[in-house]
Amino acid sequence: MYSVEPSMWLRVATMQMVDAAALWLQSVEPQLDTATWEQFCIMVHGRFDRDQHELLVRQMLHIRQTSTASEYITRFTSLNDQLLAYNKAIDPVYFVTRFIDGLRPELRSILLVQRPKTLDTACTLALLQEEAGANCEVSRSSTVQ
């Protein structure tokens, strides 16, 4: 909370709530008169974070590339960032391995051989390989014609 006094955090936070959060806020407003910031955070977490971590883990286990590498990278890194918010100690090798396992077979086999050590490297290699594969397809189709 940029330069806001801690005593004002709860009031400022509640002023920013919209949609479902604003409706929920109305239902708990009487409790907020005596709530501390920590208690408020627990209330918000209890209401809006139910089973979210478990859902993200499940999504990570089942994510697959269904279109471009770029689209897959966007979905994967979003999940990655959200999971790291729960546990910063997750071994980066896990994410690299999951990323590669979710790629289409033609990209997966190439990245497995490259053995990238970081997720950023794996993402870059996937994009480059997809581009190289697309260029090969264009070359082949012009040669055939």
Side-chain angles (χ1 to χ4, degrees), residues 1-140:
M1 298 264 208
Y2 303 99
S3 301
V4 175
E5 288 294 318
S7 64
M8 297 296 294
W9 287 358
L10 200 143
R11 178 171 285 152
V12 171
T14 58
M15 289 177 7
Q16 305 303 314
M17 293 187 156
V18 296
D19 302 327
L23 292 173
W24 169 79
L25 183 62
Q26 290 175 0
S27 72
V28 298
E29 218 155 11
Q31 299 170 42
L32 297 181
D33 291 337
T34 58
T36 65
W37 174 252
E38 291 76 19
Q39 291 167 331
F40 176 70
C41 289
I42 290 168
M43 291 169 68
V44 170
H45 178 75
R47 171 61 178 89
F48 294 102
D49 197 33
R50 286 177 282 171
D51 305 320
Q52 185 66 20
H53 185 211
E54 188 177 314
L55 174 65
L56 291 169
V57 170
R58 261 196 227 98
Q59 288 175 354
M60 180 61 79
L61 291 174
H62 298 289
I63 191 169
R64 297 280 181 263
Q65 181 186 3
T66 56
S67 61
T68 66
S70 178
E71 183 271 337
Y72 174 64
I73 290 166
T74 299
R75 287 187 305 121
F76 190 93
T77 55
S78 174
L79 277 174
N80 177 69
D81 294 342
Q82 292 175 70
L83 282 168
L84 285 174
Y86 283 96
N87 183 357
K88 302 226 184 295
I90 299 174
D91 187 344
V93 172
Y94 168 76
F95 290 116
V96 173
T97 304
R98 273 304 311 131
F99 177 80
I100 293 171
D101 285 349
L103 287 168
R104 289 188 172 152
E106 62 273 13
L107 291 179
R108 183 181 322 125
S109 60
I110 292 166
L111 264 72
L112 282 171
V113 172
Q114 296 290 324
R115 299 182 63 198
K117 300 292 183 219
T118 68
L119 183 57
D120 286 341
T121 302
C123 291
T124 300
L125 288 171
L127 289 170
L128 290 170
Q129 186 55 45
E130 184 176 71
E131 182 181 328
N135 289 339
C136 287
E137 290 298 319
V138 169
S139 295
R140 272 188 249 154

Does the Glu130 side chain pair with the main chain of Ala126, one donor and one acceptor, at a distance under 3.5 Å?
no

I'd like to check Phe76 versus Arg98 (side-chain heavy atoms, cut-off strictly below 4.5 Å). Are they in contact?
yes

Is any side-chain heavy atom of Tyr86 less than 4.5 Å from a side-chain heavy atom of Val57?
no

What distance separates Leu79 CG from Ile63 CD1, expressed to the nearest 0.5 Å?
5.0 Å

Distance (rounded to the nearest 0.5 Å) between Leu128 CG and Gln114 CD:
10.0 Å

side-chain contact (heavy atoms from CB on, under 4.5 Å) assessment of Arg75 paired with Thr66:
CA-CA 11 Å; Arg75 287 187 305 121; Thr66 56; 4.0 Å; yes

Is any side-chain heavy atom of Thr118 closer than 4.5 Å to one of Phe95?
no

Any non-hydrogen side-chain atom of Ile100 less than 4.5 Å from a side-chain atom of Pro116?
yes

Side-chain donor/acceptor pairs under 3.5 Å, residues 11-35, sequence neighbours excluded:
{"unit_1": "Thr14", "atom_1": "OG1", "unit_2": "Leu10", "atom_2": "O", "d": "3.2"}
{"unit_1": "Thr14", "atom_1": "OG1", "unit_2": "Arg11", "atom_2": "O", "d": "2.9"}
{"unit_1": "Ser27", "atom_1": "OG", "unit_2": "Trp24", "atom_2": "O", "d": "2.6"}

Considering only heavy atoms from C-beta outward, does the side chain of Tyr72 approach that of Arg104 to under 4.5 Å?
no

Looking at side-chain heavy atoms only, is the closest gap between Ser70 and Leu127 below 4.5 Å?
yes

Does a sphere of radius 6.0 Å around CZ in Arg115 hold more than 12 heavy atoms from other residues, nucleotides or ligands, not counting ones at 6.0 Å or beyond?
no

Steps toward side-chain contact (heavy atoms from CB on, under 4.5 Å) verdict (Leu112, Arg108)
CA-CA 6 Å; Leu112 282 171; Arg108 183 181 322 125; 4.0 Å; yes

Looking at CD of Gln129 and CG of Leu103, how far apart are the two atoms once the value is rounded to the nearest 0.5 Å?
10.5 Å

Determine yes or no for a side-chain-to-main-chain donor-acceptor pair under 3.5 angstrom, with Ser78 supplying the side chain and Thr74 the backbone.
no

Side chain Thr77, main chain Asn80, donor-acceptor under 3.5 Å
no

Trp9 (side chain) donor-acceptor with Val4 (main chain) under 3.5 angstrom:
yes

Under a 4.5 Å cut-off applied to non-hydrogen side-chain atoms, are Phe99 and Cys123 in contact?
yes

Value for OG1 (Thr97) from CG (Leu111), rounded to nearest 0.5 Å, stands at 11.5 Å

Any chance you could lay out the side-chain contact (heavy atoms from CB on, under 4.5 Å) test for Val96 and Lys117, step after step, and finish with the verdict?
CA-CA 7 Å; Val96 173; Lys117 300 292 183 219; over 6 Å; no

Beyond-backbone contact of Ile73 with Gln65, side-chain heavy atoms, under 4.5 angstrom:
no

